[in-house]
2 protein chains.
Amino acid sequence: MMDVAQHAGVSGQTVSRVSNGHSNVDPATRQRVIDSMRALGYRPNSAARALRLGRFRTIGVIMFTLRTFGNMRTLDAIVTEAARADYSVTLLPVRAATMDQVSGAYSRLSEAALDGVIIIFEADLLDEAKFTLPPGLPVVLIDSDTGDEYTVVDTDQADGARQATEHLLGLGHRQVWHIAGPESSFAAVRRAESWRRTLREHGIEPPAALHGDWSTESGYRHGRTLGRREDVTAIFAANDQMALGLMRALHELGRDVPGDISVVGFDDLEEAHSFWPPLTTIRQDFDEVGHQAIRKLLAKVHSEQEENEKIIVPTRLIIRESTAPAKAAAP
Amino acid sequence: MMDVAQHAGVSGQTVSRVSNGHSNVDPATRQRVIDSMRALGYRPNSAARALRLGRFRTIGVIMFTLRTFGNMRTLDAIVTEAARADYSVTLLPVRAATMDQVSGAYSRLSEAALDGVIIIFEADLLDEAKFTLPPGLPVVLIDSDTGDEYTVVDTDQADGARQATEHLLGLGHRQVWHIAGPESSFAAVRRAESWRRTLREHGIEPPAALHGDWSTESGYRHGRTLGRREDVTAIFAANDQMALGLMRALHELGRDVPGDISVVGFDDLEEAHSFWPPLTTIRQDFDEVGHQAIRKLLAKVHSEQEENEKIIVPTRLIIRESTAPAKAAAP
DNA sequence: CAGCACCATGTTGACGTGAACATCGGCTCG
DNA sequence: CGAGCCGATGTTCACGTCAACATGGTGCTG
């Protein structure tokens, strides 16, 4: 900075003012400084700036894996939204649920240059991790369980599962089976609970849920089982990938979708409309989740005095060709 | 830091030594300092540290979109590998190819606290962007075009396309059609070129490639066209998503895969093995790409004196059920 | 026992920036 | 025409850390 100042024949402070776009600088001087910055290839040192200001203009995102569609889309939305506010996003991966890993993330976290963090995290792991979150660091949780301890942005999983189930019931199906996600997933548990509740509200006793692990493979496995049962006519899978595996199993078993069995997924993958048949599913609004998460987090960062709140982002049923009215039942 | 020093009755320097794990500290003193750090909730200030050391332990990743499978997997690998070396990863999204966006990325980049950047970027855009890359910042390119200007980690697109094409020819198909990616994509162009070259090497004059935009939708569109042609028996799609859309179109047209038409994709999506039918495709080793990119970048960061080089990561044909021998041709 | 090496710890200063305050000159207004 | 004000610019200092050097004490060697 001093080099630029000398080159332009001004003081360092004036350079600082130009580089921060402050008002009280003579246009001629400003131009001279800008030219000098160009000439000398000056880049402000963000470490010094952060040190001086106590702010980093960076937020951290803690997540287990990038390999799921939902996490990726959420991250994408967060990054986009953060960039709009001129914040950078730093990724803090946590590989596994071991205590080692969590404290590893902690040591990185505690040293990281962050103004706040967004956590996309299965609930049960948060219990271990929360002890180690640096105090005073603003936090927003996405799709996770918590008391009033944090601000949470939450997709309306329950309503999505209800819509899926009622869609199938509305088509005349007498029972809806469910391929759930892993029991360790908060989202999966809520989808399963809502499915169960919705059936009961319609006077139907739900069968046992089959638990998968979100993978197509697990959907396929359960599909091999369900597909052999003549009484199964409607299946709600807790995500699109399991629905895909499920449909593959049904194809192999010669069961027609939707002729024999209707299938609903959850997520609305980019590809879902090109599955065979195109998949009826529940669309999540990841962009909105990311948007709200950043909005709330930055509010906390700037004002220090934000109440914790819970934001619910709605889901929407997308009807395609994998669902059809139930065949008339034998009287 | 001074608070901790006072609390432990030592000097700031000793606290610094403890916090950096330096050797020459009496175990008793070290313990006292650690206790004080705990008691006071001390966290080292990374801005000050970065200012002092001139290093941030952070690398940037510039990319257009997180919404493609390949980018996501590559990013995942980069983050994992960086974490292993105790580096953080900051995302620098560039939305569109407009000059506005590129200079926006530049202003963020030039102010960002980075030791180096990895660019996952279509080639033609790099031309505009390269002018604005801060000089002296170590750079590694992934899957992009360049002279010797940068170090590049590159998936062996050409060999993958060759394997796909030869696999189909080996099954007895007389011609292989190709649904290519957008012409603006370097990877797409190389796959298309290699497909063309491979056919010529086998004495076959390639038909015109059909250009999609990587989306299932574009695969579907071209599938509607190709599927109507009786002479088409083998199609190589430049990614799995287009292959998926293609197969949906073929199903709709009543063409059997692989009975009537064999299909090969590229990428090996997590879901590809559950497509209907399970997709024969080319697997890319994203983990290796991420690993090599980080390795090379950190080498540059640490030694300043690294030659630019080009690393080629191999691809592999995964044979599933979407390809079958050609029917015996009429004599 | 003198001399010296070595270890634990303390002191000083500089990294680059921007807020707060200081200064200086010109312009307005009574 | 002088007082006061305002805008442009300069000066000083502190942010938290760590490298380099300084200090003082302990123990070993010849």
Side-chain angles (χ1 to χ4, degrees), chain A residues 1-37 40-58 86 88 107-108 110-115 134 136-137 302, chain B residues 1-37 40-58 86 88 107-108 110-115 134 136-137 302:
Chain A
M1 185 164 93
M2 293 316 289
D3 295 344
V4 173
Q6 250 180 334
H7 187 275
V10 298
S11 73
Q13 183 54 31
T14 300
V15 175
S16 166
R17 278 192 269 257
V18 169
S19 112
N20 289 290
H22 282 241
S23 43
N24 299 337
V25 180
D26 188 87
T29 311
R30 176 186 303 274
Q31 193 52 52
R32 203 148 34 89
V33 171
I34 289 176
D35 291 344
S36 296
M37 298 198 308
L40 276 61
Y42 166 76
R43 295 195 290 148
N45 179 313
S46 53
R49 178 173 285 174
L51 175 60
R52 187 66 181 79
L53 299 178
R55 287 273 164 71
F56 302 94
R57 295 201 83 80
T58 298
D86 247 322
S88 296
S107 80
R108 261 175 286 133
S110 67
E111 295 190 11
L114 303 175
D115 298 318
L137 194 64
H302 292 131
Chain B
M1 186 165 92
M2 291 317 288
D3 296 344
V4 173
Q6 250 179 334
H7 186 275
V10 297
S11 74
Q13 183 53 30
T14 300
V15 176
S16 167
R17 276 191 270 256
V18 170
S19 116
N20 290 291
H22 282 240
S23 43
N24 299 336
V25 180
D26 187 88
T29 310
R30 175 186 303 274
Q31 192 53 51
R32 205 149 31 91
V33 171
I34 289 176
D35 291 344
S36 296
M37 295 199 308
L40 276 61
Y42 166 77
R43 297 194 290 148
N45 179 313
S46 52
R49 179 174 285 172
L51 176 61
R52 187 66 180 78
L53 299 178
R55 286 271 166 72
F56 302 94
R57 296 200 82 79
T58 298
D86 246 324
S88 296
S107 79
R108 261 174 287 135
S110 67
E111 297 190 6
L114 303 174
D115 299 317
L137 193 64
H302 292 131

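Chain naming here is simple, since letters A, B, ... match the order of the sequence lines and numbering starts at 1 in each. What you see is a predicted model; the values in this text were computed from it and never measured.
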Given [N], is OP1 or OP2 found less than 4.0 Å from the side-chain N or O atoms of [X]?
X     : N      : value
B/N45 : D/dC15 : no
A/T29 : D/dT9  : yes
B/R49 : D/dC18 : yes
B/T14 : C/dG10 : yes

[X] [atom1] to [N] [atom2]: how many Å, rounded?
X     : N      : atom1 : atom2 : value
A/Q31 : D/dA8  : CD    : P     : 16 Å
A/R57 : C/dT17 : CZ    : P     : 17 Å
B/L51 : C/dA14 : CG    : P     : 14 Å
B/R55 : D/dT17 : CZ    : C1'   : 16 Å
A/R17 : C/dA20 : CZ    : P     : 12 Å
B/N20 : D/dA19 : CG    : C1'   : 11 Å
B/R30 : C/dA8  : CZ    : P     : 10 Å
B/R32 : C/dA8  : CZ    : P     : 14 Å

Which of these nucleotides, [options], is closest to any side-chain atom of [X]?
X     : options                : result
A/P44 : D/dT17, D/dT11, C/dT17 : C/dT17
B/D26 : D/dT17, C/dT9, C/dG18  : C/dT9
A/Y42 : C/dT17, D/dC18, C/dT9  : C/dT17
B/V25 : D/dA19, C/dT9, C/dG18  : C/dT9
A/S16 : D/dC18, C/dG18, D/dG16 : C/dG18

(request) Say whether, by atom type as modelled, one donor and one acceptor occur between the side chain of B/N20 and the main chain of B/H22 under 3.5 angstrom. (result) no

(request) Give a yes or no on whether the backbone of A/F56 and the side-chain of A/D115 come within a donor-acceptor separation of less than 3.5 Å. (result) yes

(request) Would you kindly say whether B/T14 and B/R32 are connected by a side-chain donor-acceptor distance under 3.5 Å? (result) no

(message) For A/T29 and A/R17, which I'm curious about, is there any donor-acceptor pair between the side chains at under 3.5 Å?
(response) no

(message) With a 3.5 Å cut-off and heavy atoms only, can you find an N or O donor on one side and an acceptor on the other between the side chain of A/R52 and the base of D/dC15?
(response) no

(request) State whether the distance check finds a donor on one side and an acceptor on the other, under 3.5 Å, for side chain A/R43 versus base C/dG16. (result) no

(message) Any heavy-atom pair between the side chains of B/L40 and B/Q6 that's under 4.5 Å?
(response) no

(request) Report the residue (B/A48 or B/G12) whose heavy-atom-nearest nucleotide on DNA chain C is the more 5′ of the two. (result) B/G12

